[in-house]
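Worksheet for the structure shown next.
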Amino acid sequence: MTPEGLRIFRLLTAQQLHPGNCGDLGWLIIMAAIVSLSSVCRRGVKPLFYQSTLLARPLVVPHKYQEQPYLLTAKIHASQALHAGSGSKAASLHWTAERVLSILLLAMGPAAYFSPSPMVDYSLAAALTLHGHWGIGQVLTDYVHGDTKIKMTNAGLFLLSTVTFAGLCYFNYNDVGICKAIALLWSK
Amino acid sequence: MALLLRTFARQGVCISRPHYSLLYRHAAPMGTTAKDEMNKFWSKNARLNRPMSPHITIYNWSVPMVMSITHRGTGVGLSGAISAFALAALVLPESYPHYLDLIHSLSVGPFLIGLAKFGIAFPVSYHTLNGIRHLWWDMGKGFKIPEVYRTGYTVIGLSIIASIAVALL
């Protein structure tokens with residue numbers, strides 16, 4: 001499927017794309033039908049572009065649809081990817097950064113166990129705090145509504161995360177450090 | 001949704017012209033963002049003091065649902081615990097070994113100590129393993145229902161085993 005076709009596909013299935021949905025095959029067939037239909041009613045589209053990629057099961061369009069007296073207007077939110085290049089990629093980059101951080105944090109587990117050191121301690125402090133900050137941020141985005149409330153809770157979260165990071169660094173510097181702390185706790 | 005499909009069916013899909021901001025002829029982009037629409041929805045319903053429709057009280061719980069909210073719950077819980085620990089480190093006067101000895105002197109007994117260790121280990125291992133499952137989904141894999149359940153049960157099983165193993169260390 002072409003990149004653009006994929007984006008339209010994602011737009012169409014946006015509200016249904018969560019784990020557990022098996023309707024993808026159905027959408028694919030509908031998509032194939034639409035695309036082959038688009039080549040039938042050529043309106044300045046490059047039809048051959050899409051012809052080969054999907055199963056050609058042409059959908060027969062009832063005549064009724066061809067002569068609608070009024071215009072069917074779909075109200076859409078133009079999504080980031082579909083928009084004409086304007087609009088920031090901030091949200092997308094944030095998403096990717098969250099996943100990268102998660103993988104980094106995963107790697108720090110064995111590192112902390114097999115070769116504890118001050119560097120691992122401080123990296124762990126930073127990664128844990130940031131992962132937690134972004135995670136709680138998502139929870140707040142889900143459950144908190146209204147512009148002022150969102151701002152207030154996000155400010156509170158920022159404060160909390162700052163204090164957490166400061167506290168962990170303080171602990172690493174002035175006390176035994178995270179790795180040693182867990183080792184001591186477990187030896188009890 | 002059907003509306004969208006019919007507009008597609010009518011005139012073909014102008015996907016190949018990205019320099020147009022209106023992608024299809026009879027689609028009108030809304031003047032507001034999704035965020036604005038969301039805020040409008042919430043403020044209107046809050047203003048009219050409408051009760052919220054029952055959702056979690058009536059919907060049948062499924063394993064994936066429970067696992068998802070547990071993932072969130074363990075995440076929030078662990079985050080809170082880390083923040084509490086950090087705050088304590090800043091506020092409490094004595095050093096960490098001092099407080100550890102204090103707890104040790106309470107002589108709780110091995111079973112309860114094991115239980116406490118399990119209580120710490122389980123949220124960590126569950127959140128970590130389910131986190132890996134999330135990353136798997138983020139790569140686009142494992143979305144079929146049987147796969148969701150299979151990976152789900154694997155995560156639960158491994159979490160329990162790992163937590164017991166770590167608690168016995």
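Every chain is numbered from 1 and lettered A, B, ... according to where its sequence line falls, protein lines coming before strand lines.
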Measuring from [X]:[atom1] to [Y]:[atom2], what's the distance to the nearest 0.5 Å?
X: Lys35(B); Y: Ile150(A); atom1: NZ; atom2: CD1; value: 5.5 Å
X: Arg72(B); Y: Gln138(A); atom1: CZ; atom2: CD; value: 7.5 Å
X: His145(A); Y: Asn39(B); atom1: NE2; atom2: CG; value: 9.0 Å
X: Ser83(B); Y: Leu160(A); atom1: OG; atom2: CG; value: 4.0 Å
X: Ile82(B); Y: Ile178(A); atom1: CD1; atom2: CD1; value: 8.0 Å

Contacts with chain B made by residues 106-129 of chain A (heavy-atom distance under 4.5 Å), listed by residue number: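 The list, in residue order, reads Leu106(A), Leu128(A).
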Thr164(A) side chain reached by Leu87(B) side chain, heavy atoms, under 4.5 Å: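 They are not in contact (no side-chain heavy atoms under 4.5 Å apart), so the answer is no.
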Pro97(B) vs Val176(A) side-chain heavy atoms within contact, under 4.5 Å: yes
Region of [X] in contact with chain A, defined by heavy-atom distances below 4.5 Å:
X: Ser95(B); value: both
X: Leu169(B); value: both
X: Ile113(B); value: side chain
X: Asp138(B); value: both

Quick check on [X]: does its [atom1] atom have over 12 non-hydrogen neighbours (other residues, nucleotides or ligands) under 6.0 Å away?
X: Met152(A); atom1: CE; value: no
X: His104(B); atom1: NE2; value: no
X: Tyr99(B); atom1: OH; value: yes

Contacting moiety of Ile136(A), where chain B heavy atoms sit under 4.5 Å: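 For Ile136(A), side-chain heavy atoms alone lie under 4.5 Å from chain B.
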Heavy-atom proximity to chain B below 4.5 Å, by part of Asn172(A): neither
Whether His131(A) and His127(B) hold their rings parallel, tilted or perpendicular, with breakpoints at 30° and 60°: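 Answer is perpendicular, since the angle exceeds 60°.
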Selection from Ile103(B), Ile120(B), Val91(B), Asp101(B) maximising heavy-atom pairs under 4.5 Å formed with chain A: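 Sorted descending by pairs with chain A, the first entry is Ile120(B).
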Side-chain donor or acceptor of Trp186(A) paired with backbone N/O of Lys117(B) under 3.5 Å: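 No, the answer is negative, given that no donor and acceptor are paired below the 3.5 Å cut-off.
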Path from Leu157(A) to Tyr143(A) over hydrophobic side-chain contacts below 4.5 Å: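 Yes; tracing contacts between hydrophobic side chains, which count when under 4.5 Å, links both residues.
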CA sep, side-chain torsions, deciding dist, call: Leu105(A), Thr128(B), side chain to side chain contact (heavy atoms under 4.5 Å, CB included): CA-CA 10 Å; Leu105(A) 191 55; Thr128(B) 307; over 6 Å; no
ring-ring contact (aromatic ring centres under 6.0 Å, His included) involving Phe171(A) - partner list, sequence neighbours excluded: Phe85(B), Tyr96(B)
